Amino acid sequence: MDQIVIRGGQRLKGRIPISGAKNAALTLLPCALLTDEPLTLRNLPRLADVDGFGHLLNQLGCSTTIEGSRPEDFGRVMTARATTLTSTVAPYDIVRKMRASILVLGPLLARAGEATVSLPGGCAIGNRPIDLHLKALEAFGAEIELASGYVKASAPGGRLAGGKFTFPVVSVGATENAVMAAVLAKGTCVLENAAREPEIVDLCNCLVAMGAQIDGIGTETLTIEGVDRLHGATYRVMADRIEAGSYACAAVITRGDVELVGAKASEMEATLAALREAGATVEEVKGGIRVAMSGRAGPVTLSTAPYPGFATDMQAQFMAMATLGTGASLFTETIFENRYMHVPELARMGCDIQVKGRTAIVRGVDHLIGAPVMATDLRASMSLIIAGLAAEGETQVNRVYHLDRGYERLEEKLQAVGADIERISAG
Ligand SMILES: CC(=O)N[C@H]1[C@@H](OP(=O)(O)OP(=O)(O)OC[C@H]2O[C@@H](n3ccc(=O)[nH]c3=O)[C@H](O)[C@@H]2O)O[C@H](CO)[C@@H](O)[C@@H]1O
Ligand SMILES: C=C(OP(=O)(O)O)C(=O)O
């Protein structure tokens with residue numbers, strides 16, 4: 001299995017191109033199921049999860065073609081076309097590898113009036129139930145059965161009637177599924193306490209470009225007036241605010257100076273505020289964001305929350321950054337019950353972190369020492385890369401497939417700004 005090897009201590013300096021957002025791509029791809037016309041997505045990141053989603057679409061009868069992509073380019077253009085659906089079943093083998101596969105449930109139900117999707121199960125960061133996805137669809141008129149590990153959903157008469165659902169807790173995925181189901185409903189669908197993440201705004205904007213009628217985009221109340229059909233569209237995937245934030249943490253821990261090319265400050269205010277709290281210089285520049293740091297990071301107090309709060313997907317990276325900071329930083333993880341899996345691995349590099357339930361106290365140390373490490377999820381893996389970039393000696397990060405789910409050509413991007421990092425292929 002591939003390994004990433006880092007010899008720490010290089011200051012990052014230069015421009016880092018930010019790719020299309022994984023979490024936007026994974027909700028824009030299933031939109032192709034909603035129409036018999038082609039949906040072309042530009043700036044689609046080259047990631048294992050995006051490839052996996054392409055395979056799932058193919059399984060359902062939706063063709064996918066990549067156009068005009070050169071190996072040296074970041075991002076791709078993909079056209080997905082579901083002229084006729086050949087299946088409405090998302091099997092266990094695919095869903096278990098990629099939780100976001102659950103996002104075909106809403107579109108299949110809307111287009112075909114039925115869908116059978118394997119339950120995704122839990123993962124390293126928590127239980128991650130899908131009860132809210134199902135309750136929202138039921139509120140819109142779906143009939144749902146659970147059997148043999150599968151969700152079987154149908155719309156009486158072939159089309160959802162419409163209705164209203166108030167989320168008891170904010171869920172990104174459930175909001176996405178519900179919106180995609182609602183756009184072809186017979187009546188009006190209202191979602192209250194909906195997630196407001198920029199990726200949901202991206203989803204809604206793409207659906208509107210396809211002919212959907214959605215009011216309240218970017219707010220916690222979404223009103224969707226169902227239409228009879230959607231048409232094709234060409235849509236550019238937004239920049240990855242989590243990737244950008246991750247490289248910002250890498251710049252701070254190495255006392256570097258980087259420009260995150262393509263990142264949008266308005267979509268990552270909480271991350272930028274946290275960087276400033278740590279003492280970084282953060283400024284919007286033409287076409288991106290500059291992040292620079294001259295000394296050790298100061299302590300931060302961060303609590304994860306739904307957007308516009310501080311993203312849970314940034315928690316591990318800030319924690320890595322704080323390990324070499326001054327003073328004590330306090331983290332509270334409120335979204336996922338098991339998202340401190342990076343702590344024991346960071347401890348192997350010499351960090352001082354104490355976890356108590358949902359909180360973690362990080363006491364900054366003077367230096368970290370490279371070590372062989374591995375993580376069980378994507379952002380935890382990135383936190384080890386960040387720590388490795390500043391550690392003395394060599395860090396070998398194993399289980400690289402987690403990083404390949406969410407960071408497009410990570411080692412190339414970091415090499416280009418001065419990091420001593422390489423991928424050792426298992427062959
Ligand atoms: C592909 C994608 O976009 N993934 C993101 C998405 O995951 P995902 O959509 O799975 O996360 P949710 O926003 O749904 O989860 C938020 C919380 O709600 C709970 N919950 C969720 C659904 C449900 O039916 N019942 C329920 O109880 C979850 O267990 C969790 O505690 O948002 C998360 C929170 O910002 C991010 O960490 C993930 O990177
Ligand atoms: C948790 C994440 O992704 P997923 O929901 O795809 O597991 C993430 O992007 O950090």
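Both ligands and their constituent atoms are indexed starting at 1 by order of listing. Side chains are part of it too, since the values below use all heavy atoms of this structure and drop only hydrogens, waters and symmetry mates. Remember, it's a predicted structure, so these values are computed and weren't measured experimentally.
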How does [X] reach ligand 2, by side chain, by backbone, by both or by neither, if only non-hydrogen atoms under 4.0 Å count?
{"X": "Asp377", "answer": "neither"}
{"X": "Ile242", "answer": "neither"}
{"X": "Lys22", "answer": "side chain"}

Looking at every non-hydrogen atom in both residues, tell me the closest pair between Asn177 and Leu137 and how far apart they are.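 The answer is O-CD2, 4.2 Å.
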
Please classify the Arg339 to ligand 1 contact at 4.0 Å (heavy-atom distances, strictly less than): side chain, backbone, both or neither.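 Side chain only.
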
Below 4.0 Å, non-hydrogen atoms only: which portion of Phe336 touches ligand 1? Side chain, backbone, both or neither.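 Contact part for Phe336 vs ligand 1: side chain (C-beta onward).
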
Which ligand 2 atoms, with their elements, are less than 4.0 angstrom from a heavy-atom of [X]?
{"X": "Asn23", "value": "9 (O)"}
{"X": "Arg339", "value": "1 (C), 8 (C), 10 (O)"}
{"X": "Leu378", "value": "8 (C), 9 (O)"}
{"X": "Ile125", "value": "1 (C)"}

Within a strict 4.5 Å, meaning less than it, do heavy atoms of the [X] and [Y] side chains meet?
{"X": "Val179", "Y": "Thr27", "answer": "no"}
{"X": "Leu302", "Y": "Thr332", "answer": "no"}
{"X": "Leu56", "Y": "Leu29", "answer": "no"}

Distance to 0.1 Å, residue and atom name: give those for the protein heavy atom nearest to [atom].
{"atom": "atom 9 (O) of ligand 2", "answer": "Arg379 NH2, 2.7 Å"}
{"atom": "atom 31 (O) of ligand 1", "answer": "Ile335 O, 2.6 Å"}
{"atom": "atom 6 (O) of ligand 2", "answer": "Arg405 NH2, 2.7 Å"}
{"atom": "atom 14 (O) of ligand 1", "answer": "Ser171 OG, 2.6 Å"}
{"atom": "atom 8 (P) of ligand 1", "answer": "Arg128 NH2, 3.7 Å"}
{"atom": "atom 7 (O) of ligand 2", "answer": "Arg128 NH1, 3.0 Å"}

Can you tell me how far the [atom1] atom of [X] sits from the [atom2] atom of [Y], to the nearest 0.5 Å?
{"X": "Met382", "Y": "Asp377", "atom1": "CE", "atom2": "CG", "result": "13.0 Å"}
{"X": "Phe53", "Y": "Leu47", "atom1": "CZ", "atom2": "CG", "result": "13.5 Å"}
{"X": "Glu269", "Y": "Tyr307", "atom1": "CD", "atom2": "OH", "result": "7.0 Å"}
{"X": "Glu37", "Y": "Met210", "atom1": "CD", "atom2": "CE", "result": "8.5 Å"}

Is the shortest N/O to N/O distance between [X] and ligand 1 below 3.5 Å?
{"X": "Glu197", "value": "no"}
{"X": "Ala174", "value": "no"}
{"X": "Asp131", "value": "yes"}
{"X": "Glu176", "value": "no"}

Between [Y] and [X], is there a side-chain donor-acceptor contact under 3.5 Å, judged purely by atom types and distance?
{"X": "Gln10", "Y": "Thr254", "answer": "no"}
{"X": "Thr271", "Y": "Arg241", "answer": "no"}
{"X": "Glu225", "Y": "Thr188", "answer": "yes"}
{"X": "Gln59", "Y": "Ser87", "answer": "no"}
{"X": "Asn193", "Y": "Glu220", "answer": "no"}

Do Phe318 and Phe310 have ring centres separated by under 6.0 Å?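 They qualify: ring centres under 6.0 Å apart.
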
Below 4.0 angstrom, N of the basic side chain to O of the carboxylate: do Arg423 and Asp404 qualify?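 Yes, this pair counts.
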
In ligand 1, which numbered atoms sit nearer than 4.0 Å to a non-hydrogen atom of [X]?
{"X": "His133", "result": "24 (O)"}
{"X": "Asp313", "result": "36 (C), 37 (O), 38 (C), 39 (O)"}
{"X": "Thr312", "result": "34 (C), 35 (O), 37 (O)"}
{"X": "Gly173", "result": "9 (O), 14 (O)"}

Judged by atom type as modelled, is there a donor-acceptor pair below 3.5 Å linking the side chain of Thr116 to the main-chain atoms of Lys152?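 It does not hold such a pair.
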
As a test of the contact definition, would atom 19 (C) of ligand 1 count as having a protein heavy-atom neighbour under 4.0 Å?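 No.
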
Which one of [options] has a non-hydrogen atom at the shortest distance from [atom]?
{"atom": "atom 5 (C) of ligand 1", "options": "Val170, Asn23, Leu132, Ile242", "result": "Asn23"}
{"atom": "atom 6 (C) of ligand 1", "options": "Val172, Ile102, Ile200", "result": "Val172"}
{"atom": "atom 23 (C) of ligand 1", "options": "Pro129, Ala21, Cys123, Pro306", "result": "Pro129"}

Contact with ligand 2 for Gln315, non-hydrogen, under 4.0 angstrom: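 For ligand 2, residue contact (heavy atoms, under 4.0 Å) with Gln315 is absent.
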
